[in-house]
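Remarks on the structure that follows.
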There are 2 protein chains.
Amino acid sequence: MSRTLYDLSAADGRRFSPYCWRAKLALAHKGLDAATVPVAFTEIPAILGGGQTTVPVLDDGGRIVRDSFAIAEYLEDACPDGPSLFGGEGGRGKARLIEGWSMYALHPQISGLVLRDIWASLAPKDQDYFRTSREQRFGRTLEDIQAGREERLEAFRKSLQPIRHALTHAPYIGGKTPLFADYILFGTLQWARVASDFQLLAERDPVAVWFAGIADLYGGRGKRVME
Amino acid sequence: MSRTLYDLSAADGRRFSPYCWRAKLALAHKGLDAATVPVAFTEIPAILGGGQTTVPVLDDGGRIVRDSFAIAEYLEDACPDGPSLFGGEGGRGKARLIEGWSMYALHPQISGLVLRDIWASLAPKDQDYFRTSREQRFGRTLEDIQAGREERLEAFRKSLQPIRHALTHAPYIGGKTPLFADYILFGTLQWARVASDFQLLAERDPVAVWFAGIADLYGGRGKRVME
């Protein structure tokens with residue numbers, strides 16, 4: 001049975017989508033292979049004959065699942081014998097809160113640090129779409145959004161304190177072993193790391209150590225930013 | 001076997017400590033009764049003959065456990081047959097991240113909204129200690145810390161968006177049933193609700209609906225603010 005993941009790609013093939021990284025690590029966590037198909041932002045509407053608006057999209061032998069959290073839940077239910085992605089039913093709700101924290105507290109800050117760099121990494125056919133949609137969302141130019149980022153870096157690093165707090169008690173957000181919550185936050189940080197040279201994390205930050213550990217999992221899956 | 005929880009108390013007996021609320025709901029979750037002993041801030045060093053610096057402190061028939069998260073973990077291990085507080089091993093790490101989010105993102109904001117009100121609720125013997133320690137920590141007077149709070153209320157409410165996000169997917173942070181993560185965040189909000197008349201949550205906010213539901217659990221345990 002073939003398994004395909006449609007994965008957002010920059011002009012040079014780098015895979016930078018935070019949500020696609022969550023899905024790719026969820027697949028690896030369950031020990032599942034999946035071919036990835038690189039897509040540009042403007043190619044998303046044509047995936048699988050149309051009707052898609054975001055990636056990742058998983059085609060699992062004809063079963064189509066969209067949205068990274070939905071993919072994790074699908075894999076959890078479809079592969080109950082593999083290692084759990086949530087560590088029990090109660091873990092899904094908490095993972096949702098962590099997803100929300102990433103979405104509402106971290107993503108806006110990261111946008112302010114690297115959004116213009118992401119634009120620069122895109123294929124020309126994507127750049128117009130990206131600039132227009134993001135400038136409309138933020139009400140400013142990409143250049144204005146990213147300007148003065150050095151002054152906002154310390155506040156961003158400070159806002160990761162909840163991750164450091166968790167890591168003082170266990171090696172992973174999931175506890176003794178990584179769970180989907182780890183991949184949620186890995187994806188968030190991987191987004192900037194792949195798309196930009198701007199260094200978000202100080203080298204000795206425990207978050208950076210944990211991040212490197214997640215990238216090393218499953219044969220270094222998180223390091224394969226080109227495919 | 002007697003079970004006693006040392007519980008921070010205001011001058012009139014109101015119990016307002018976020019950490020003590022977490023411990024009280026963890027006990028109720030496990031179906032355990034515990035007598036609570038009201039203590040003032042300045043009485044903490046004398047609890048159980050000395051050596052304590054914070055509350056809650058649980059005396060479970062001679063076994064002494066301090067710190068709300070440690071109490072939850074103690075109860076989880078001591079009462080494995082009762083309903084789980086973490087929903088599996090993986091849930092502890094995620095609960096730690098949520099504890100950290102509350103500590104580093106929510107508590108500082110709530111301090112800016114109600115810290116002077118908390119001072120006003122304390123017994124006279126506690127007020128000097130509280131004013132001195134908090135003004136040293138924040139570098140400002142209690143009055144300055146709380147001044148202009150109306151202008152910060154919307155930002156605080158907006159920062160609760162991760163909770164709303166989780167609640168769009170399940171009735172509790174823990175999913176279908178409440179877990180310790182729910183009590184962590186309930187305690188955080190209960191702190192302000194008990195100690196201050198300043199209304200943190202808009203009435204129709206899904207967070208307010210969830211909060212009221214947690215307060216109603218276990219015979220309305222969260223409503224017994226005086227004992």
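The chains referred to below are lettered A, B, ... by the order of the sequence lines, with proteins before strands, and numbering in each begins at 1. When reading the values below, keep in mind they use all heavy atoms of this one structure, side chains included, and skip hydrogens, waters and symmetry mates.
When every heavy atom of B/Ala166 is checked against every heavy atom of A/Gly93, the shortest pair comes out as CB-O, 4.1 Å. When all heavy atoms are compared, the tightest approach of A/Lys94 to B/Phe86 is NZ-O, 3.0 Å. Here the closest non-hydrogen pair linking A/Glu99 and B/His165 is OE1-NE2, 2.6 Å.
Considering OH of B/Tyr104 and CZ of A/Arg164, their distance stands at 9.5 Å, rounded to 0.5 Å. Remark: B/Leu167 CG to A/Leu97 CG distance equals 8.5 Å, nearest 0.5 Å.
Using a 4.5 Å cut-off between heavy atoms, A/Leu179 touches chain B through its side chain atoms alone.
Scanning residues 136-163 of chain B against chain A with a 4.5 Å heavy-atom cutoff picks out B/Gln161, B/Pro162, B/Ile163, ordered by number.
Comparing B/Ala95, B/Gly100, B/Gly175, B/Pro171 by heavy-atom pairs within less than 4.5 Å of chain A, the highest count is held by B/Gly100.
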